[in-house]
Amino acid sequence: MTDHAPLLTTPLHALHVSLGARMVPFAGYDMPVQYAAGVLKEHLHTRTKAGLFDVSHMGQVLVTAQSGAVADAALALEKLVPVDILGLKEGRQRYGFFTDENGGILDDLMITNRGDHLLVVVNAACKTADMAHMQAHLSGCSVTLIEDRALIALQGPAAETVLASLAPEVAAMKFMDVRDVTLVGAACIVSRSGYSGEDGYEISVPANKAEELARALLAHEDCEAIGLGARDSLRLEAGLCLYGNDIDTTTSPIEASLEWAIQKARKAGGDREGGFPGAARILGELASGTARRRVGLKPDGKAPVRSHAKLFADAEGKNEIGEVTSGTFGPSVEGPVAMGYVPTDFASAGTQVFAEVRGKYLPVTVAALPFITPTYKR
């Protein structure tokens, strides 16, 4: 997409404008960064009640084996990800990532077993590349980008109450469950998941019913529209990576502290050990460790330390050791929070390092992630 190409819009664009959203370009789309309440209030509303997010810019992709067997689609996709997809039960979802031959991360994604096919949700900025990657490598499968559905995230402790007011059966769902649910007369795919650290749902809805569904959810007294600004501060407090900032082709899953997402079946000695791009490096790092790690960072004082700030071992800024990849003010923790990469020797919680901010070297403490306690319904 060139700088001059018109911005794409989601099926909820008119709703955002009518609600007074401040719109900004994001991943080629015209997206709401905040509404009248502002980022701080939107963030806290999501943590205490329920926030509604438009994530329709993300890619919803169907992967179907020509044989008709979902196991064949799972085995094909396992050639691109270090994740156990064959063992993923119908109606369940799992986090994963595409890796390259060097063990770097091409994108992170969500994978759902839908019974006769897989539903893969990928990041907006990587959508075109991911489609080409899957179409080139998933032999024996059809790979289809869904163009006629929106994606809505409903996040926060009141999310269950809000959605159950339209469909009571969603209350029985557990974290990472996925099921078909009828909402406002539309056939929707609902997952109990999200990217805020809170309990909540993501809802794939036909595009022509998206605004009706969003308005029905917003009609609940506990639900407010939330923009990308609060989405970013929520996911950062939850210790969740943003592709392009915290993870990319220069970071391996082990450096990124994402080894929890690699199941036993794909590790050394597992039933389907390796077989994915970069396996030699990734399995080697699982066994022997890495030179650097993604960590949480808590700056002293109230000033946020932003992405790309350099990290140093000393207060004089002589020994550069790493870089901040995400940083902002965390409304729930009432202070600045950040993530970045430091040498493994500096990765223990409580270690002090220094961040360069406008020529000064500010003390920063390595912290355990996440910064908040997640409320997923297990």
Side-chain angles (χ1 to χ4, degrees), residues 58-101 105-123 126-149 151 169-170 172-182 186-193 201-206 253 258 260-280 282-283:
M58 298 179 76
Q60 301 179 66
V61 183
L62 302 181
V63 178
T64 308
Q66 290 162 10
S67 68
V70 73
D72 290 339
L75 288 170
L77 194 56
E78 282 191 0
K79 293 176 182 172
L80 299 182
V81 298
V83 176
D84 177 6
I85 305 173
L86 186 64
L88 187 61
K89 291 182 169 60
E90 183 175 348
R92 293 288 292 167
Q93 186 179 59
R94 182 163 279 167
Y95 175 80
F97 26 79
F98 291 131
T99 51
D100 65 19
E101 292 299 335
I105 301 172
L106 292 169
D107 194 14
D108 62 339
L109 46 119
M110 298 298 292
I111 305 151
T112 300
N113 179 344
R114 295 277 296 146
D116 60 355
H117 67 275
L118 301 173
L119 172 62
V120 182
V121 178
V122 300
N123 283 303
C126 303
K127 192 160 44 175
T128 302
D130 288 347
M131 281 296 297
H133 185 57
M134 286 188 277
Q135 286 169 338
H137 294 100
L138 298 184
S139 57
C141 294
S142 66
V143 180
T144 309
L145 181 66
I146 305 172
E147 306 276 16
D148 59 350
R149 295 184 79 86
L151 194 62
E169 65 268 31
V170 302
M173 296 174 68
K174 296 281 195 280
F175 185 54
M176 293 295 200
D177 279 353
V178 182
R179 63 184 295 176
D180 294 310
V181 179
T182 300
C188 297
I189 304 165
V190 176
S191 68
R192 193 153 197 166
S193 63
Y201 303 87
E202 292 197 345
I203 308 161
S204 174
V205 55
L258 295 174
W260 57 266
I262 304 174
Q263 289 76 30
K264 184 179 178 182
R266 308 305 307 280
K267 294 178 181 177
D271 292 342
R272 296 181 310 288
E273 172 185 340
F276 51 85
I282 292 167
L283 295 182

Taken to the nearest 0.5 Å, the spacing of Leu145 CG from Lys127 NZ works out to 6.0 Å
Examine distances only and state if a side-chain atom of Glu78 and a backbone atom of Leu86 form a donor-acceptor pair shorter than 3.5 Å. yes
Between Gly274 and Ala279, the two heavy atoms sitting closest are CA-CB, 4.0 Å
Which pair of non-hydrogen atoms, one from Leu77 and one from Met134, has the smallest distance, and what is that distance? CD1-SD, 4.5 Å
Of all heavy-atom pairs linking Gly87 and Arg272, the shortest is N-NH2, 4.3 Å
With a cut-off of 3.5 Å and sequence neighbours excluded, list every side-chain donor-acceptor pair involving residues 65-76.
unit_1, atom_1, unit_2, atom_2, d
Ser67, OG, Ala69, N, 3.2
Ser67, OG, Asp72, OD2, 2.5

Atom of Gln60, atom of Ser204 and distance for their closest heavy-atom approach: OE1-OG, 2.6 Å
Determine whether Lys79 and Phe276 make a side-chain contact, defined as any pair of heavy atoms from C-beta on separated by less than 4.5 Å. no
Once rounded to the nearest 0.5 Å, what's the spacing between atom CD1 of Ile282 and atom CD1 of Ile105? 7.5 Å
Could you walk me through whether Met110 and Val120 pass side-chain contact (heavy atoms from CB on, under 4.5 Å), step by step? CA-CA 6 Å; Met110 298 298 292; Val120 182; over 6 Å; no
Backbone N or O of Ala129 within a donor-acceptor pair of the His133 side chain at under 3.5 Å? no
Under the side chain to side chain donor-acceptor pair (under 3.5 Å) rule, collect the residues that match up with Lys267, sequence neighbours excluded. none
Donor-acceptor contact present, side-chain Arg266 to main-chain Pro82, <3.5 Å: no
Holding to side chain to side chain donor-acceptor pair (under 3.5 Å), I want the full list of residues that pass it with Thr64, two or more places apart in sequence or in another chain. none
Heavy-atom pair of closest approach, residues Ser193 and Phe175: CA-CE1, 4.3 Å
Distance (rounded to the nearest 0.5 Å) between Leu88 CG and Gln93 CD: 8.5 Å
Per the salt bridge (charged side-chain N to carboxylate O under 4.0 Å, His left out) rule, what does the pair list look like for residues 107-117, sequence neighbours excluded? Arg114-Asp180
Arg92: which residues meet the side chain to side chain donor-acceptor pair (under 3.5 Å) condition with it, sequence neighbours left out? Asp177
With sequence neighbours excluded, what pairs up with Val83 under the side chain to side chain contact (heavy atoms under 4.5 Å, CB included) test? Val81, Ile85, Arg94, Gln263
Test side-chain contact (heavy atoms from CB on, under 4.5 Å) on Lys89 and Asn113; report intermediate values, then the result. CA-CA 6 Å; Lys89 291 182 169 60; Asn113 179 344; 5.6 Å; no
Where do Leu138 and Val63 land on the side-chain contact (heavy atoms from CB on, under 4.5 Å) test, with the steps shown first? CA-CA 9 Å; Leu138 298 184; Val63 178; 3.9 Å; yes
Any sub-3.5 Å donor-acceptor pair from Arg179's side-chain atoms to Val190's backbone N or O? no
Contact between Leu119 and Leu62 at the side-chain level, heavy atoms closer than 4.5 Å - yes or no? yes
Would you check if Thr99 and Pro253 make a side-chain contact, meaning some heavy-atom pair closer than 4.5 Å? yes
